[in-house]
2 protein chains.
Amino acid sequence: MKMEDVKQVLKKHDIQPTNQRVIILNYLMNNYDHPSCDKIYDELSAIYPIMNRATIYNSLNLFVEKGILSPIYLNDKCRYEIKKPGHGHFICQECQKITDFSVNLNNSYSLDGYEVLNTDITFRGICPLCLEKKKEE
Amino acid sequence: MKMEDVKQVLKKHDIQPTNQRVIILNYLMNNYDHPSCDKIYDELSAIYPIMNRATIYNSLNLFVEKGILSPIYLNDKCRYEIKKPGHGHFICQECQKITDFSVNLNNSYSLDGYEVLNTDITFRGICPLCLEKKKEE
DNA sequence: ACTCATTTTAGAACAATTATAATTTTATAG
DNA sequence: CTATAAAATTATAATTGTTCTAAAATGAGT
């Protein structure tokens, strides 16, 4: 995905495509790691010295509000991914790695009267790599 | 549930049933509100002056670790409930109220190699009360 | 180019949670 | 029933993720 395309995505969501926002969204569209604001800051500020923490927080909040990103709330810090339906997350308690897996909720779950805006299916446990490490000990 | 029963629950989970722990767990077993540490502190310290914030954090973390409680991670503070399977949460974006609803995940979700320790299904949106309020405006 | 609204920035402020070190409570052995 | 050691609680400081504030910079529309 080219920078010009990222701009189009921003415009389509009624967001002014400023330099910083394009850089941040571009990073997220090419990163499937569910990064935290911290990680985004570290990686981007190494490349673009003109990048402030507050700007990243502002942008991430805006993108979530406008429906481009989904936040993933953990015990410590929030992490982000491009919003797309049909998947859930496995979060490893040991290494904090987040893995996507496909899922479809066909049931309606009798939530009459509630306006459901997004759904979130999260499994927690230990990932294969960490299980292996534990065995070795 | 009597205090004596709460003690038994703690013992069954290999936790020393100290006064504070019994008081905290008793509170949670009679409260279906998914309270935050803050709320637990406010309510309990009004009744029992001998109640420290750190103690409540310590106890909640211990209870989660030992499998008595489930944490519910929100954007700001963590909230807690007695762990029991077969339900998900609806979280209202306006008033932050958490509502339980029953759910059963029968699929296995192809997570071979992962050790899944708990599952969490959360819907977010607007609850009926807040929808009503918004209409009035 | 000029004006006004919007963004970005640096830094302070804030709030939830954890760490520290001293004191108190609890469990255990004599 | 004491003496002793281990564990829990406490007050307080420290840490950390995030938001706020006010000033400077950028961008859009005339």
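Throughout, protein chains are lettered first and strands after them, A, B, ... in sequence-line order, and every chain is numbered starting at 1.
With sequence neighbours excluded, the residues satisfying side chain to side chain contact (heavy atoms under 4.5 Å, CB included) with E94(A) are C92(A), I126(A), C130(A), K134(A). By the side chain to side chain contact (heavy atoms under 4.5 Å, CB included) test, Y41(A) is found to be paired with S45(A), R53(A), I56(A), residues two or more places apart in sequence or in another chain being considered.
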Review item, nucleotides 1-4 of chain C N/O atoms under 3.5 Å of protein N/O:
none

Check the interface with nucleotides 9-12 of chain C: list each N/O to N/O pair with the protein under 3.5 Å, or write none.
residue: dT9(C); atom: OP1; partner: Q20(A); partner atom: NE2; Å: 3.2
residue: dT9(C); atom: OP1; partner: I50(A); partner atom: O; Å: 3.2
residue: dT9(C); atom: OP2; partner: N52(A); partner atom: N; Å: 3.2
residue: dT9(C); atom: OP2; partner: T55(A); partner atom: OG1; Å: 2.5
residue: dA10(C); atom: OP2; partner: N52(A); partner atom: ND2; Å: 2.8

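Each end of the helix from dA1(C)-dT30(D) to dG30(C)-dC1(D) yields a helix axis from five base pairs, and these two axes differ in direction by 30° (to the nearest 10 degrees).
Chain B approaches DNA chain D over the interval dA7(D) to dA11(D), counting the first and last nucleotide 5' to 3' with an atom under 4.0 Å from its heavy atoms.
A heavy atom closer than 4.0 Å to some atom of DNA chain C occurs in no member of residues 90-98 of chain B.
Rounding to whole angstrom units, CG of residue L74(A) and P of dA16(C) are separated by 18 Å. As a whole-Å value, the separation of K77(A) NZ from dT17(C) P is 16 Å. Rounded to whole Å, the distance from CZ on R21(B) to P on dT25(C) is 15 Å. Atom CD of Q16(B) and atom C1' of dT25(C) are 9 Å apart (whole Å). To the nearest angstrom, P of dT6(C) lies 12 Å from NZ of K66(A). Here dA16(C) presents its P atom at 16 Å from CG of N61(B), a figure rounded to the nearest Å. Atom CG in D76(B) sits roughly 8 Å away from atom P in dT17(C) (whole-Å rounding). Put simply, CG on N75(A) is 11 Å from C1' on dT17(C), counting in whole angstrom units.
Among the heavy atoms of the strands lying under 4.0 Å from N19(A) are primed sugar atoms or P, OP1, OP2 only; no base atom is included.
In this structure, V116(A) and T119(A) approach most closely via the heavy-atom pair CG1-CG2, 4.1 Å. The two atoms that bring K11(B) and P17(B) nearest to each other are CE-CG, 3.8 Å, heavy atoms only. Between H13(B) and G67(B), the shortest heavy-atom distance links the atoms NE2-O, 4.4 Å. When all heavy atoms are compared, the tightest approach of S59(B) to R21(B) is OG-CG, 3.8 Å.
Between I82(B) atom CD1 and N30(B) atom CG the span is 9.0 Å, to the nearest 0.5 Å. Note that CD of E4(A) is 5.0 Å distant from NZ of K7(A), once rounded to the nearest 0.5 Å. Taking CZ from R124(A) and CG from D120(B), the interatomic distance works out to 5.5 Å, rounded to the nearest 0.5 Å. With rounding to the nearest 0.5 Å, the separation of CG in L62(A) from CD1 in I15(A) is 4.5 Å.
Hydrophobic cluster of Y57(B): no remaining members, since no ILVMFWY side chain lies below 4.5 Å from it. The other members of the hydrophobic cluster of I91(A), by chain and number, are I72(A), L74(A), I98(A) (side-chain heavy atoms under 4.5 Å, ILVMFWY only). Hydrophobic cluster of L129(A): no remaining members, since no ILVMFWY side chain lies below 4.5 Å from it.
Judged as a salt bridge (charged side-chain N to carboxylate O under 4.0 Å, His left out), the pairs with a partner in residues 24-35 of chain A (not counting sequence neighbours) are, in order, D33(A)-K39(A). Contacts classified as ring pair (Phe, Tyr, Trp, His ring centres under 6.0 Å) and involving residues 59-96 of chain A (residues at least two apart or in different chains) are given here: H34(A)-H89(A), H87(A)-H89(A), F90(A)-Y114(B).
Both P17(A) and C78(A) lie near DNA chain D, and the one whose nearest nucleotide falls closer to the 5' end is C78(A).
L28(B) places none of its side-chain heavy atoms less than 4.5 Å from the side chain of I68(B).
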